[in-house]
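Values reported hereafter were calculated over all heavy atoms of this structure, with side chains retained and with hydrogens, waters and symmetry mates removed.
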Amino acid sequence: MATLEEEEARLERFLQWLQLNGAQLRGCKIKYSDSSKGCGVYSLNDASDGVLLVVPLDLAITPMRVLQDPLLGSECRAMFTEGEVDDRFLMNLFLTVERLRKNSSWKPYLDMLSTTFGNPLWFTDDELLELRGTALYRATELQKKSLLNLYNGKVKDLVNKLLILDGNLEREVSFEDFLWANSIFWTRALNIPLPQSFVFPQINEEQNSCFSMDKSSEAPFEHSSTNEMINGKNVKECDVTRDNIEVNRVEVTSVQKDTVWVEGLVPGIDFCNHDLKAAATWEVDRTGSVTGVPFSMYLLSAVQCPFQIEKEISISYGNKGNEELLFLYGFVIDNNPDDYLMVHYPVEAIESIPFSDSKSQLLEAQKADMRCLLHRSLLDRGFFSEGNNNTEVDQTSNYSWSGQRKIPSYVNKLVFPEGFLTALRTIAMREDELFKVSSLLEELVGSEGERQPTDAEVRAAVWEACGDSGALQLLVDLLHVKMTDLEEYSGTEDCDSELLGKACITEWPKGELTGDANDGSGRIMMSRNKWSSIVYRRGQKQLTRLFLKEAEHALQLSLSEQDAENSS
């Protein structure tokens, strides 16, 4: 481990490197935060215009920058043109190579980046066992296997090929180098809205005309306080036109008017840590009218009152659940309000159900969802919510053209997505219900099949034939299985709560803490990775319990109303 003097020397070299490359720390400074977060950005004084940090976009590491690199660019362009690498692979490849070069121009920045991570790809075997029964356990195994295959099959040879161009190496490349690059990219990359002219300066006016340029683009690129606001690392994809295009043989994420969205690393700004209540956001200044630095990214205060001196300046990575936070960024939030539960019906299991071919066709015709994300906020309008939320819910398939089946009285309290219930209705369908669906659709489109029924019409026919009880029973079964899986290795939600109540997080190096250690006071010494795993899995158990309660109550109501209909 580096000494304090070594850490301070590295930081000083990095700050000098930032300033030499045109970055300006106006109302903040970068310093060591703590062992779990590394470095952070802290307030220094009151910036009257709210601009805390300015970084020229020339300093950002993007796929375009890699392709223009004086040493590696030629080889990378050839590989990119041949389709050997995509933009993310290109970034990871570049980071891997630059880490191993003694004379890398990025060395002051790379030396500041973490060498240890809290995401499951870096867990010890014992720490990974804490995730058994969760979706992350299997996902981590698959991801690590995939990265290892990618390293052995492509990365190692490509890195060696590129390093030959330099010749002055720190050491031989290893899988850990590639794993490091992958983790750096996913924990630090921003989705940057760059002016098209900055990304592709060589494009002539004829090529530009195809982008429908907007004169308003001369103003600085700023986001409103609506959903278009980019809070640090968060970009809502639904607000962006995701039409992938190719310009000069380079595929970019998307183009919106004259803006190109590109993933990249922005040294300095990427040291901002996450907080649900962000103290700052970042913006792109195209012309320099805000910062005085054209084509720059700047950190902008998001608070009304001046910062306290030495207060950490945080951004928001977005409204993410612990599953995503742990997998990508390596940390969790206890009692995360944005937590969610993934529930899915295994596609491979459809082959073994009765009438699988017919049901598969119906699932395709309905565009049914085989999985769903159950966000914690859904419970706010459920059967057991404390408020009186009677929000109308658009249940497009819950109607009957024959009047034989009434819309359930509980429909506005049902928290489960209609697309997923559509799939479960179809999978749970009995033989007589399947025949009824066929009859209803034949009646609708004609015996000769003059036209194809719409997906909404198929959903309506399935709902009229089946109702909700079969789907809700299947949902209850799926949630019971999920809870069994979660509890099999680690016990109940209460067991996790007890562990967390006694937890004392230690920052001992890996290998020195082989298991839970009791310090004699009833406290349990555990690694931060283990603590994060317990917080995550307890949240999954809690959500499973709450959504199971909702499903069981909905099933009870559905069966009661079904019995009432049958007896009338």
Side-chain angles (χ1 to χ4, degrees), residues 57 59-69 72-73 75-100 106 109-110 113-114 117 119-122 139-140 142-159 161-162 173 175-194 199-200 230 232-237 240-256 259-267 269-270 297 317-318 320 324-325 327-330:
L57 287 172
L59 203 55
I61 301 178
T62 64
M64 286 69 66
R65 169 51 61 88
V66 176
L67 295 176
Q68 296 165 4
D69 185 80
L72 308 179
E75 284 291 331
C76 287
R77 284 195 300 274
M79 291 186 292
F80 198 85
T81 302
E82 293 298 321
E84 291 186 61
V85 296
D86 60 19
D87 50 357
R88 287 176 175 171
F89 186 94
L90 197 66
M91 292 278 288
N92 289 340
L93 191 64
F94 180 78
L95 289 169
T96 304
V97 170
E98 291 301 305
R99 190 189 196 200
L100 295 170
W106 302 94
Y109 169 60
L110 298 179
L113 302 183
S114 177
F117 303 88
N119 70 63
L121 289 172
W122 294 85
T140 300
L142 292 174
Q143 178 72 346
K144 196 159 189 176
K145 182 178 179 181
S146 174
L147 290 172
L148 188 58
N149 289 338
L150 190 59
Y151 172 78
N152 289 324
K154 182 181 288 189
V155 173
K156 188 175 181 179
D157 290 341
L158 284 177
V159 170
K161 181 179 180 181
L162 293 171
V173 65
F175 173 63
E176 284 67 28
D177 293 315
F178 180 58
L179 191 59
W180 172 87
N182 179 78
S183 296
I184 288 295
F185 174 81
W186 284 108
T187 56
R188 307 184 83 88
L190 308 173
N191 205 3
I192 312 169
L194 296 177
V199 178
F200 305 113
I230 294 183
K233 302 195 178 186
N234 180 39
V235 176
K236 290 189 169 74
E237 294 191 1
V240 181
T241 303
R242 286 287 180 179
D243 294 324
N244 287 343
I245 67 166
E246 190 169 298
V247 182
N248 281 11
R249 307 184 71 91
V250 178
E251 187 177 321
V252 297
T253 304
S254 64
V255 172
Q256 188 180 41
T259 299
V260 182
W261 295 82
V262 177
E263 290 175 312
L265 306 180
V266 185
I269 287 181
D270 64 348
M297 179 180 285
Y317 294 4
K320 293 176 167 51
E324 189 174 1
L325 289 176
F327 191 64
L328 293 181
Y329 303 107

**Student:** Between atom CG of Leu147 and atom CZ of Phe175, what is the distance when rounded to the nearest 0.5 Å?
**Tutor:** 5.5 Å
**Student:** Nearest 0.5 Å, please: how far is NZ in Lys144 from CG in Asn182?
**Tutor:** 11.5 Å
**Student:** Below 4.5 Å, heavy atoms only, C-beta onward: do Val66 and Phe80 meet side chain to side chain?
**Tutor:** no
**Student:** With a 3.5 Å cut-off and no angle check, do the side chains of Asp270 and Tyr109 form a donor-acceptor pair?
**Tutor:** yes
**Student:** Apply side chain to side chain contact (heavy atoms under 4.5 Å, CB included) to Glu75 and Lys161, showing your working.
**Tutor:** CA-CA 9 Å; Glu75 284 291 331; Lys161 181 179 180 181; 3.1 Å; yes
**Student:** Check whether any side-chain heavy atom of Val155 sits under 4.5 Å from a side-chain heavy atom of Asn92, and report yes or no.
**Tutor:** no
**Student:** Any side-chain heavy-atom pair from Met297 and Leu190 closer than 4.5 angstrom?
**Tutor:** yes
**Student:** Does Lys320 qualify as a cation-pi partner of Tyr329, given the criterion of NZ or CZ under 6.0 Å from the six-membered ring centre and within 45 degrees of its axis?
**Tutor:** no
**Student:** Just to verify, what does Glu176 make a side-chain contact (heavy atoms from CB on, under 4.5 Å) with, not counting sequence neighbours?
**Tutor:** Ser174
**Student:** Walk me through it: do Leu72 and Leu93 pass the test side chain to side chain contact (heavy atoms under 4.5 Å, CB included)?
**Tutor:** CA-CA 10 Å; Leu72 308 179; Leu93 191 64; over 6 Å; no
**Student:** Can you check whether Ile61 reaches Glu98 side chain to side chain, under 4.5 Å on heavy atoms?
**Tutor:** no
**Student:** Thr96: which residues meet the side-chain contact (heavy atoms from CB on, under 4.5 Å) condition with it, sequence neighbours left out?
**Tutor:** Val159, Val173, Asp177, Phe178, Ala181
**Student:** With the side chain counted from C-beta on, respond yes when Trp106 and Leu265 share a heavy-atom pair under 4.5 Å apart, and no when they do not.
**Tutor:** no
**Student:** Can you tell me how the ring of Trp122 sits relative to the ring of Phe117, calling it parallel under 30°, perpendicular over 60° and tilted otherwise?
**Tutor:** tilted
**Student:** Check whether any side-chain heavy atom of Leu90 sits under 4.5 Å from a side-chain heavy atom of Met79, and report yes or no.
**Tutor:** no
**Student:** Do Asn119 and Leu328 have side-chain heavy atoms sitting under 4.5 Å apart?
**Tutor:** no
**Student:** Decide yes or no on side chain to side chain contact (heavy atoms under 4.5 Å, CB included) for Leu113 and Arg188, but give the supporting numbers first.
**Tutor:** CA-CA 10 Å; Leu113 302 183; Arg188 307 184 83 88; 3.4 Å; yes
**Student:** For Pro267 and Ala60, work out which heavy atoms get closest and say how close.
**Tutor:** CD-CA, 4.3 Å
**Student:** Applying side-chain contact (heavy atoms from CB on, under 4.5 Å), name anything that partners Asn149, two or more places apart in sequence or on another chain.
**Tutor:** Lys145
**Student:** Can you measure from CE (Met91) to CG (Asp86) and round to the nearest 0.5 angstrom?
**Tutor:** 11.5 Å
**Student:** Please answer whether the main-chain N or O of Glu84 pairs with a side-chain N or O of Lys154 as donor and acceptor at a distance below 3.5 Å.
**Tutor:** yes
**Student:** Is there a donor-acceptor contact under 3.5 Å from the side chain of Thr187 to the main chain of Ser183?
**Tutor:** yes
**Student:** Are any of the side-chain heavy atoms of Arg65 and Phe94 separated by less than 4.5 Å?
**Tutor:** no
**Student:** Between Val266 and Leu59, does the side chain to side chain contact (heavy atoms under 4.5 Å, CB included) criterion hold? Intermediate values first, please.
**Tutor:** CA-CA 7 Å; Val266 185; Leu59 203 55; over 6 Å; no
**Student:** Within this structure, what is the CD-OG1 distance for the pair Glu263 and Thr62, rounded to the nearest 0.5 Å?
**Tutor:** 11.0 Å
**Student:** Looking at every heavy atom in both Phe89 and Val85, which two are closest together, and how far apart are they?
**Tutor:** CD2-CG1, 3.0 Å
**Student:** So, taking the atom named CD1 in Ile184 and the one named CG in Leu179, what distance separates them when rounded to the nearest 0.5 Å?
**Tutor:** 10.5 Å
